[in-house]
Amino acid sequence: MNLDISKKTGLSLGFGGMLILMAALFNLLNGSALLYISLCMILAGIVVYSFGEYTGELSGIKNNEVWFKSVSSKGVVAWILGFVLTAFYVVIYWFPTYLGLNRKGVNTGLVAFFDPLSFALNGHGASQWFVYGTLYTVAILGFGVKFILKYRHSNYQIIRTLSVMFFQLAFAFLLPEFLAKLNPDLDYFAKDLKNMWPLNYYFFEDWHLKAMLGGGNLGMFMLFFGIGMIFLISPILTYFFGKRWYCSWVCGCGGLAETAGDSFRQLSDKSVKAWKIERWLIHSVLLFVFITTVAVIYSFLINEKAALDPKLFLVGVILFLGVFSWYIFKIGYKKLALDARKGIYWASGIISAFLVINMAIGNTNVFFIDSYTLRSWYGFFIGAAFSGVVGVGFYPILGSRVWCRFGCPMAAILGFQQKLLSRFRITTNGSQCISCGNCSTYCEMGIDVRAYAQKGEDIVRSSCVGCGVCSAVCPRGVLKLENGRVEI
Ligand code: SF4
Ligand code: SF4
């Protein structure tokens, strides 16, 4: 390993900062100054190392030993890193007391170490989620600088990375904390700005709906803004720009994958088998969250004796599924494969049958399973185990977009919109392609971009997050991300 002075300085700073955190975890160190010093050291360490790594040479992908370095080719280092990340997520989700969280008394360890920053931002002591959010933001900022240095020849990559860094820092981290400080008596809705179902899968849960309905003007704004995002703003943005407006410009999960996960993007499986698993898995998660949400809203309407008649709500769901299936049958059929169309018809038919039976017999639990049980299953298997533990813990083994590719229901919905309605596509100038394969190698979503380029075919794939890295690493300028009207 060739380490010049800036890389050695960067590594020393980064590991020094992490050592301070480890010492705090075991209650060996404390104090606000040390907290800020450790966070600055980690951030500075990543930035200084990246300057050493990228500024002395031309920008872009070099394939420099990417398949020979242990960390980037599923070697021992990658497995150790994957194990550490996975263990960290398991502790965060299910054993936060090991980090020092004390719900009934005074925090200790790492959580107590973050108290000063937490008090400064939101007026309360830290939780494990505050620790996690802070480190997550530091990672996106630090590795965001690394990404910009690496792809500095591409304005698209520079602006896109600045965008994810901004959204993580301002909208996902600072603003919710400030809102929590300004509204200490309001429930959680006022502190969470990623207010879009199904990313925010508890958007329609009873406690969240009640909190918004009882939260005055701010609550009503969040309710209507959230609904507007789902049915209006998001489809319009996806129509014009593709799902990239969210998946690779705004989303925190995508932000981490693009920055901290960049070293692992080549690990995404490009096989047809992986593609088949991807399609079934991600749409099963979407189905799961849809069913859970219908059940939860129905229970809410019954239990709260709300103005909307629960049966009318079920009729609305059946109508929605009917219109969607009809659209696929009449118009969208050209763009979806037969198995996908069959899956939509079957799922819509079975769900509608359940709802009709339910209306006939007046069951409280619309799918014959308690809606709270369904909700807790979703929260455990998808919200925690898949999106957190597997989604990030497995970066060094399965690539950086495991969650976005195989599990995120938001990505599935935006993918439908992208495939069926959007102007976005990647155009290819096939005659210039030299079949080097850089584009396919570095596509984090496992798309075989080269196959399209060789045929000179436009790429319109529901899974494409529009990161543009395929285009940035192409030595021949074959690939172009476009939103303009499609000429027929
Ligand atoms: S096809 Fe290109 S733009 Fe789309 S996800 Fe893959 S690398 Fe990113
Ligand atoms: S499109 Fe560009 S990166 Fe992809 S195989 Fe062809 S020349 Fe290589």
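When a ligand or atom number is given, it counts from 1 through the structure's own listing order.
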Among residues two or more places apart or on two chains, list those pairs meeting ring pair (Phe, Tyr, Trp, His ring centres under 6.0 Å) that have a residue in residues 247-276.
Y156-W249
Considering only the protein, which heavy-atom contact is closest to atom 8 (Fe) of ligand 2, and what is its distance?
C436 SG, 2.3 Å
What is the closest protein heavy atom to atom 6 (Fe) of ligand 2, and at what distance does it sit?
C433 SG, 2.3 Å
Part of I426 with heavy atoms under 4.0 Å of ligand 1, whether side chain, backbone, both or neither
side chain
Partners of F231 by ring pair (Phe, Tyr, Trp, His ring centres under 6.0 Å), sequence neighbours excluded?
none
Determine whether F380 and W94 satisfy the following criterion, ring pair (Phe, Tyr, Trp, His ring centres under 6.0 Å), listing intermediate values before the conclusion.
CA-CA 10 Å; F380 177 81; W94 297 297; 5.3 Å; yes
Please identify which atoms of ligand 2 are closer than 4.0 Å to at least one heavy atom of S435.
5 (S), 6 (Fe)
Partner residues of F288 under the ring pair (Phe, Tyr, Trp, His ring centres under 6.0 Å) criterion, sequence neighbours left out
Y378
Closer than 4.0 Å to some heavy atom of R450 - which atoms of ligand 2 meet that?
5 (S)
Side chains of S462 and Q418: any donor to acceptor distance under 3.5 Å?
no
Which bit of I434 gets closer than 4.0 Å to ligand 2, counting heavy atoms only: side chain, backbone, both or neither?
both
Parallel, tilted or perpendicular, as decided by the 30° and 60° cut-offs, for the rings of F173 and F130:
tilted
Looking only at protein heavy atoms, which one is nearest to atom 1 (S) of ligand 2, and how far off is it?
A453 CB, 3.5 Å
Check which protein N, O or S atoms are less than 2.8 Å from atom 8 (Fe) of ligand 1 and report how many there are.
1
Tell me the contacting part of C439 for ligand 2: side chain, backbone, both, or neither, using a 4.0 Å heavy-atom threshold, strictly below.
both
Between K8 and S6, does any side-chain donor sit less than 3.5 Å from a side-chain acceptor?
no
Can you tell whether the side chains of E258 and R265 come within less than 4.0 Å, N to carboxylate O?
yes
Determine, stepwise, if the pair F406 / I282 fulfils side-chain contact (heavy atoms from CB on, under 4.5 Å).
CA-CA 5 Å; F406 294 97; I282 194 167; 5.7 Å; no
Among all protein non-hydrogen atoms, which one is nearest to atom 2 (Fe) of ligand 2, and what is the separation to 0.1 Å?
C474 SG, 2.3 Å
A student checking ligand 2 against G437 at a 4.0 Å heavy-atom cut-off should list atoms 5 (S), 8 (Fe)
Does the ring center of Y93 lie less than 6.0 Å from the ring center of W129?
yes
SB check E444 R405 (cutoff 4.0 Å)
no
